[in-house]
Amino acid sequence: MLQTLNDNPDYTPAIAARTAPVYERVKSVISEAAWPYFAPDVDEVLRLKRERNAVILAHNYMTPDIYHCVSDIGGDSLALAQRAMDVEADVIVLCGVHFMAETAKLLNPEKTVIIPDPAAGCSLAESISGADIRKMRRLYPGVPVVTYVNTSAEVKAESDVCCTSANAKLVVESLGVDRVMLLPDEYLARNVAAVTDVEIITFPGRCEVHETFTADQVVALRRAHPDVTVLAHPECAPEVLQEVDYAGSTSGMADYVRDHQPPEVALITECSMSDNLISTNPRTRFIRSCSLCPHMQRITMENIAEALREMKFEVTINASIASKARRAVENMLKVGRG
Ligand code: 13P
Ligand code: SF4
């Protein structure tokens, strides 16, 4: 049993014994002194999950207690969509933001999908509506619409196909046309335009986390840490991506660290990613950025427990929107990750 200085009365010897194996997965990021404050909620979530026949899908930006201690499936938004289809449990708890929970529901219409905090939004999803897509179609008649999966079901329903940062170039090129609209993330669209011959029409949507990073920050980082390997998410500005060693989805960055084991790495993205990778890559030193996504951070162990206890907040999608939105997501899944 884990011996700690414990002044949390909820951390009983039985909970300490039951949670000791999961503590092993996070001991590099959660101190022994802090674990008694995490363990009772972890223990409760694990129990509720069994009782409800639920699985927890966790995005790479979840905090390590969620990502490593209670989730069944972790990954980037493409992996979560792909794996959501294999779930056999009755209930899916989506630990991520609302569009991810909607995608899981689109792909599992007969299952109960819950999100621990329905206010967990996304600045990209907020940036565009179904009416905007219809307007863009009027401006560019006949040009196919590829929408980033970081959008509402209403927007997906107006689209030909979705994409994620992991497969955007592949999806764009799969259409076999000279010109596509790639909406709404302007930076992702410009980053794809830089590596394809397909002409890309953009929209002024931005990720409020990734738009804050600058090329000068990367240059300063390299000056301070000459041996650092810098990885970035394609929601960053093209000028930032020009300064980095690799750009890819959250899982793309995780795979890069696993496969290359750089001695020192900086991830230009949401900073929970580094926390999650520390425990699985002990030989790599992570230089952490401190950019948290306020929407992702709404998901906590406490509200996961509450959601499972009270079976709230269930994701529902209007049937006529759902069938069209599902088609756009399924069109993306046919293309895959490449
Ligand atoms: P990924 O698809 O790379 O996980 O990105 C999702 C996201 O919201 C990044 O900000
Ligand atoms: Fe949306 Fe940006 Fe948060 Fe990802 S990090 S969920 S794109 S606001």
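Start at 1 and go down the list; that is how both ligands and their atoms are numbered.
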Q: Using a 4.0 Å cutoff against the non-hydrogen atoms of S165, which atoms of ligand 1 qualify?
A: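 Going through ligand 1 atom by atom, the ones under 4.0 Å from S165 are 1 (P), 2 (O), 3 (O).
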Q: Verify the distance criterion only: is there a donor paired with an acceptor across the side chains of Q217 and E243 at less than 3.5 Å?
A: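 No, no side-chain donor-acceptor pair sits under 3.5 Å.
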Q: When only distance counts, is H59 in polar contact with ligand 1, meaning an N/O pair under 3.5 Å?
A: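 Yes, H59 has an N/O under 3.5 Å of an N/O on ligand 1.
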Q: Side chains of T63 and D275: donor-acceptor distance under 3.5 Å anywhere?
A: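 Per modelled atom types, T63 and D275 side chains form no pair under 3.5 Å.
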Q: Show which atoms of ligand 2 fall inside a sub-4.0 Å distance from at least one heavy-atom site of S123.
A: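 Ligand 2 atoms under the 4.0 Å threshold to S123: 8 (S).
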Q: Run the salt-bridge test on E239 and R190 with the 4.0 Å N-O cut-off and return the result as yes or no.
A: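 Yes, E239 and R190 are salt-bridged.
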Q: Counting from 1, what ligand 1 atoms have a heavy atom of Y61 closer than 4.0 Å?
A: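 By the 4.0 Å cutoff, the relevant atoms are 9 (C), 10 (O).
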Q: When you group the ILVMFWY residues by side-chain heavy-atom contacts below 4.5 Å and let the links chain together, are L277 and L221 in the same group?
A: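 L221 does not cluster with L277.
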Q: Is the shortest side-chain N to carboxylate O distance from E44 to R47 below 4.0 Å?
A: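 Salt bridge present between E44 and R47.
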Q: Answer yes or no: is there a side-chain heavy-atom contact under 4.5 Å between M62 and M296?
A: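 With C-beta onward as the side chain, the pair touches.
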Q: Can you tell if the side chain of K49 reaches within under 4.5 Å of the side chain of D72, non-hydrogen atoms only?
A: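 Yes. Closest side-chain heavy atoms under 4.5 Å.
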Q: Which heavy atom of the protein is the closest neighbour of atom 3 (Fe) of ligand 2, given with residue, atom name and distance?
A: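 Among all protein heavy atoms, the one nearest atom 3 (Fe) of ligand 2 is C293 SG, 2.4 Å.
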Q: I'd like to check which ligand 2 atoms, numbered from 1 as shown, lie under 4.0 Å from a non-hydrogen atom of L124.
A: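 Reading through ligand 2 atom by atom, the close ones are 7 (S).
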Q: Give the residue, atom name and distance (to 0.1 Å) of the protein heavy atom nearest atom 2 (Fe) of ligand 2.
A: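 Nearest neighbour among protein heavy atoms for atom 2 (Fe) of ligand 2, to 0.1 Å: C207 SG, 2.3 Å.
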Q: Nearest protein heavy-atom contact for atom 7 (C) of ligand 1: which residue, which atom, what distance?
A: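 Going by distance alone, atom 7 (C) of ligand 1 is nearest to E235 OE2, 3.6 Å.
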Q: When only distance counts, is S251 in polar contact with ligand 1, meaning an N/O pair under 3.5 Å?
A: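 In this structure, S251 places no N or O atom under 3.5 Å from an N or O of ligand 1.
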Q: Can you confirm whether K312 is buried at NZ, in the sense that more than 12 heavy atoms of other residues, nucleotides or ligands lie under 6.0 Å from that atom?
A: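 Enclosed: over 12 neighbouring heavy atoms sit under 6.0 Å from NZ of K312.
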Q: Do V93 and V97 sit in the same hydrophobic cluster, where Ile, Leu, Val, Met, Phe, Trp and Tyr count as joined when their side-chain heavy atoms come under 4.5 Å apart?
A: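 Looking at the clustering, V97 is in the same group as V93.
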Q: What residue and heavy atom of the protein are closest to atom 2 (O) of ligand 1, and at what distance?
A: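 Protein heavy atom at minimum distance: S77 OG, 2.3 Å.
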Q: Which ligand 1 atoms, with their elements, are less than 4.0 angstrom from a heavy-atom of H210?
A: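 Counting atoms of ligand 1 from 1, those under 4.0 Å from H210 are 10 (O).
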Q: Which protein non-hydrogen atom lies closest to atom 8 (O) of ligand 1, naming both residue and atom, and how far is it?
A: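 Checked against all protein heavy atoms, atom 8 (O) of ligand 1 sits closest to N150 ND2, 3.2 Å.
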Q: Of the side chain and backbone of E270, name the one, both, or neither that has a heavy atom under 4.0 Å from an atom of ligand 1.
A: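 Contact part for E270 vs ligand 1: neither.
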Q: Flag the pair D227 and R285 as a salt bridge only when some basic side-chain nitrogen lies within less than 4.0 angstrom of an acidic carboxylate oxygen.
A: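 Salt bridge absent between D227 and R285.
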Q: Going by heavy atoms, is E235 under 4.0 Å from ligand 2?
A: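 Flag set, E235 near ligand 2.
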Q: Charged N to carboxylate O under 4.0 angstrom, D255 versus R258?
A: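 Salt bridge between D255 and R258, a charged N being under 4.0 Å from a carboxylate O: yes.
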Q: Which atoms from ligand 2 have a heavy atom of N150 less than 4.0 Å away?
A: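 Selected atoms, number and element: 7 (S).
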Q: Indicate, with yes or no, if L106 and V145 share a hydrophobic cluster defined by side-chain heavy-atom contacts under 4.5 Å among Ile, Leu, Val, Met, Phe, Trp and Tyr.
A: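 No, it is not one cluster - the side chains of V145 and L106 are not joined through contacts under 4.5 Å.
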Q: For atom 5 (O) of ligand 1, which protein heavy atom lies nearest, and how many Å away is it?
A: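 Looking at atom 5 (O) of ligand 1, the protein heavy atom closest to it is H233 NE2, 3.2 Å.
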Q: Does C207 have a non-hydrogen atom less than 4.0 Å from ligand 1?
A: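 No, C207 has no heavy atom closer than 4.0 Å to ligand 1.
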Q: At a non-hydrogen distance cut-off of under 4.0 Å, which region of V209 contacts ligand 1 (side chain, backbone, both, or neither)?
A: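 Under 4.0 Å from ligand 1, V209 contributes no heavy atoms.
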Q: For ligand 1, which atoms sit closer than 4.0 Å to a heavy atom of S249?
A: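 So the answer, numbered in order with elements, is 3 (O).
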Q: Look at atom 4 (Fe) of ligand 2 and find which of Y148, Y61, F99 reaches it with the closest heavy atom.
A: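 Ranked by closest heavy atom to atom 4 (Fe) of ligand 2, first place is Y61.
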Q: Can you establish whether the number of heavy atoms outside D197 located under 6.0 Å from its atom CG is more than 12?
A: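 For D197, atom CG is not crowded (no more than 12 foreign heavy atoms under 6.0 Å).
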Q: Among all protein heavy atoms in this structure, tell me which lies nearest to atom 1 (Fe) of ligand 2, with the distance rounded to 0.1 Å.
A: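 It is C122 SG, 2.4 Å.
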